[in-house]
Amino acid sequence: MSGLQPPRGTHDLIGETMRRHHHVVETARRVLRTYGFEEWSTPIFEDTRVFSRTLGETSDVVSKEMYTFEDRGGESITLRPEGTAAICRALVTNGLTQSLPQKVFYHGPMFRYERPQKGRYRQFHQIGAELIGAESPLRDAETIAMAQDILRELGLGEHVTLELNTLGDLASRQAWREALVAYFRDHADALSEESRIRLEANPLRILDSKSEQDRKLLDDAPAFADYLNDESRQFWDTLRASLQAFGVDFVENPRIVRGLDYYSHTAFEFVTSKLGAQGTVLAGGRYEGLVEQMGGPAIPAIGWAGGIERLAMLLDSVPELPAGIALVPMGDEAVLKAASIVRTLRSAGLRAEIETRGNMKKRMERVVKSGASHAIVLGDEEIAKGVVQLRDLSSRDQQEVPVADLVRVLSTGRA
RNA sequence: GCGGAUGUAGCUCAGUCGGUAGAGCGCCGGUUUGUGGUACCGGUUGUCGCGGGUUCGAUCCCCGUCAUUCGCCCCA
């Protein structure tokens, strides 16, 4: 109870928590394969510039949430706060900009120095996918469809809705941003204190504000739709048509913006109301300048990342270990015999364990509690005859089975 | 970084108007080491989150701290 605790915002993945976590990753991995995505694993720490350059110096993540330190050689190192920048770095480092598209997924721990809350940790886990070399909005739609498939496979289809927005291209966004800043400057008095700060640092964030006074102001703010140039508008139209073609339902939400600077055009979030303030469960968008910032050519990409802890908390059912077979040997000789039987069962792919503690009643109690489907009881008498007692724990039927026939009986269910 | 709540056995929680603590569940053993989750009997568990202060005496009061949780910020 006292003594050493895990550091603030970290937690141990044990038992049910770990099974849920694992189920999320395994399910995602299965779906991702069907889309032709391949798994990459990049270092957990990187040269600080990988993140500081690309995420935008003014973003909160870079300015106050990164775990940055100097290593013994004097290099500035950062524990990765997200996955995308590192994937782009790896793409360039490994010379893969010549062979596009690259369809990549990853999962693992990320680190952000934030105030912990339910579903928000300092070390948390993400699973993410990046399609680098995404030539058309069709790829955006496909990548979003993939995310939706994963959520459905996890049984979260009912809990989660897709919210979609366009951020336009750089030119559209700049024109709109100027109009927006001008508008808010004129109404600075009516803005909340926080939004007045955002006005200078990251004005698009004001759209996201939860303050009521800001919301009122937003109704009359310049609408982005009026600033979309033809190219951006066409992209947006094609994206929505493609999503429909892939069978993806979505809700347009003009207030969706991105915390990180490298996004353009597509921005989306899968949202739930079941996790309090941490409602976003998976989010992503299109980014066009990131590979270039890593020293490669300008390559457009689309990607997303999901919070594994948040997804795991939403799962209705908890995956269990497969039911096993329990050996209950009575007597020293029987224990050794059980060891050899258990070995045979395991090499046949069955889960098998030996129960040796306590009297027979206690052993059977533990065996039943462990969720085993069968018990195998053996003592001197059985050993002499070369058989075991095989007991089906749900029907309570017990039969005598020759040791040599065990695997066959267990896998076919008949003698 | 800001504001609120919480912290007692492995778990859920009660309690002491200040005299070092309890219930249920769980766990362990027993009812002849050859048979089932329910029965009966017995047993086990705590630096009452940590540090300091007040007091003859603190788990209880005060201060600090750590952690959890809810909201803000931000985000997955």
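Convention: sequence-line order gives letters A, B, ...; per-chain numbering from 1.
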inquiry  = Both distances below 3.5 Å, Watson-Crick or wobble geometry, any strand: find the nucleotide opposite B:C11.
reply    = B:G24

task = Give none if B:U38 has no partner; otherwise give the nucleotide forming a Watson-Crick or G-U wobble pair with it, both distances under 3.5 Å.
result = none

Intermediate values then yes/no, salt bridge (charged side-chain N to carboxylate O under 4.0 Å, His left out), A:Arg19 and A:Glu16 = CA-CA 5 Å; A:Arg19 287 200 301 276; A:Glu16 179 183 326; 5.2 Å; no

task = Could you work out the separation of B:G36 and B:U32 based on their P atoms and round it to a whole Å?
result = 12 Å

inquiry  = Categorize A:Val368 for me: base, sugar-phosphate, or nothing, with a 4.0 angstrom heavy-atom threshold over every strand shown.
reply    = base

message = Please report the distance separating the C1' of B:A58 from the corresponding atom of B:C11, rounded so that it comes out in whole Å.
response = 27 Å

query = Just checking A:Glu365: base, sugar-phosphate only, or nothing, at a heavy-atom cut-off of under 4.0 Å?
reply = sugar-phosphate

inquiry  = If you go through the side-chain atoms of A:Arg120, does one of them form a donor-acceptor pair with the base of B:C74 closer than 3.5 Å?
reply    = yes

inquiry  = Without decimals, in angstroms, what is the distance between A:Ile256 CD1 and B:C74 C1'?
reply    = 16 Å

message = I need the NZ-C1' distance between A:Lys362 and B:G26, as an integer number of Å.
response = 13 Å

key: Distance-only donor-acceptor test (3.5 Å): side chain A:Arg366, base B:C27   = no

message = Measure OH/A:Tyr121 against C1'/B:U69 and give the value in whole Å, please.
response = 11 Å

ask   = Using the C1' atom in both, what is the distance from B:C27 to B:G46, to the nearest Å?
value = 15 Å

query = What about A:Trp40 and A:Tyr106, are their ring centers closer than 6.0 Å?
reply = no

request  = Determine whether the side chains of A:Thr48 and A:Thr68 contain a donor N or O and an acceptor N or O closer than 3.5 Å.
outcome  = no

Base-pairing mate for B:A58 - Watson-Crick or G-U, with both contacts under 3.5 Å = none

Donor-acceptor contact below 3.5 Å, side chain A:Gln174 vs main chain A:Arg177 = no

key: Centroid separation A:His107 to A:His125 less than 6.0 Å   = no

request  = Report the distance from atom NE2 of A:His107 to atom P of B:A76, rounded to the nearest whole Å.
outcome  = 19 Å

request  = Provide, to the nearest angstrom, the distance between the NE2 atom belonging to A:His11 and the C1' atom belonging to B:C66.
outcome  = 19 Å

note = Using Watson-Crick geometry (N1-N3 plus N6-O4 or O6-N4) or G-U wobble (N1-O2, O6-N3), each under 3.5 Å, B:A67 is paired with B:U6

message = Give me the distance, rounded to whole Å, that separates B:C72 from B:U54 when you measure between the C1' atoms they each carry.
response = 37 Å

Interatomic distance at C1', B:A21 relative to B:U16, whole Å = 8 Å

query = Which value, in whole Å, describes the distance between the C1' atoms of nucleotides B:G34 and B:A14?
reply = 44 Å

task = Find the partner of B:C72: check Watson-Crick (N1-N3 plus N6-O4 or O6-N4) and G-U wobble (N1-O2, O6-N3) distances, both under 3.5 Å, and reply none if neither fits.
result = B:G1

task = Report the base-pairing partner of B:G18 (Watson-Crick or G-U wobble, both distances below 3.5 angstrom), or none.
result = none

B:C48 - base-pair partner by Watson-Crick or wobble geometry, distances under 3.5 Å = none

message = Does A:Gly279 reach a base, just sugar-phosphate, or nothing at all? Heavy atoms under 4.0 Å.
response = nothing

task = Provide, to the nearest angstrom, the distance between the CD atom belonging to A:Glu16 and the C1' atom belonging to B:C11.
result = 13 Å

Which residue lies more 5' along RNA chain B, comparing A:Lys118 with A:His125 via nearest heavy atoms = A:Lys118

task = Report which part of the nucleic acid A:Leu311 touches: base, sugar-phosphate, or nothing (heavy-atom distance under 4.0 Å, all strands).
result = nothing

query = Distance between the P atoms of B:U31 and B:G24, in whole angstroms?
reply = 24 Å

inquiry  = What's A:Gly128 touching, base or sugar-phosphate or nothing? Going by heavy atoms closer than 4.0 Å.
reply    = nothing

task = Indicate, with yes or no, if the rings of A:Phe268 and A:Phe250 have centres closer together than 6.0 Å.
result = no

query = Where the side chain of A:Ser242 meets the backbone of A:Thr238, is there a donor-acceptor pair that is under 3.5 Å apart?
reply = yes

Distances for protein N/O vs nucleotides 32-35 of chain B N/O pairs under 3.5 angstrom?
unit_1: B:G34; atom_1: O6; unit_2: A:Glu382; atom_2: OE1; d: 3.2
unit_1: B:G34; atom_1: N1; unit_2: A:Glu382; atom_2: OE1; d: 3.0
unit_1: B:G34; atom_1: N1; unit_2: A:Glu382; atom_2: OE2; d: 3.0
unit_1: B:G34; atom_1: N2; unit_2: A:Glu382; atom_2: OE2; d: 2.8
unit_1: B:U35; atom_1: N3; unit_2: A:Gln398; atom_2: OE1; d: 3.2
unit_1: B:U35; atom_1: N3; unit_2: A:Gln398; atom_2: NE2; d: 3.4
unit_1: B:U35; atom_1: O4; unit_2: A:Gln398; atom_2: NE2; d: 2.6

request  = Check every atom of B:C27, B:U68, B:A76 against the side chain of A:Arg8 and return the nucleotide holding the closest atom.
outcome  = B:U68

inquiry  = Over all strands shown, is A:Asp392 touching base, sugar-phosphate only, or nothing at heavy-atom distances under 4.0 angstrom?
reply    = base

task = On RNA chain B, check which nucleotide each of A:Ala283 and A:Arg357 is closest to and give me the residue with the more 5' one.
result = A:Arg357

query = Rounded to the Å, how far apart are A:Met110 CE and B:C74 P?
reply = 22 Å

message = If we ignore hydrogens and angles and just use 3.5 Å, is the side chain of A:Asp169 paired with the main-chain N or O of A:Ser232 as donor and acceptor?
response = no

ask   = A:Leu390 has an atom CG; how far is it from atom P of B:G36, in whole Å?
value = 17 Å

ask   = Are the side chain of A:Glu382 and the backbone N or O of A:Gly379 linked by a donor-acceptor pair below 3.5 Å?
value = yes

key: Interatomic distance at P, B:U44 relative to B:G22, whole Å   = 12 Å

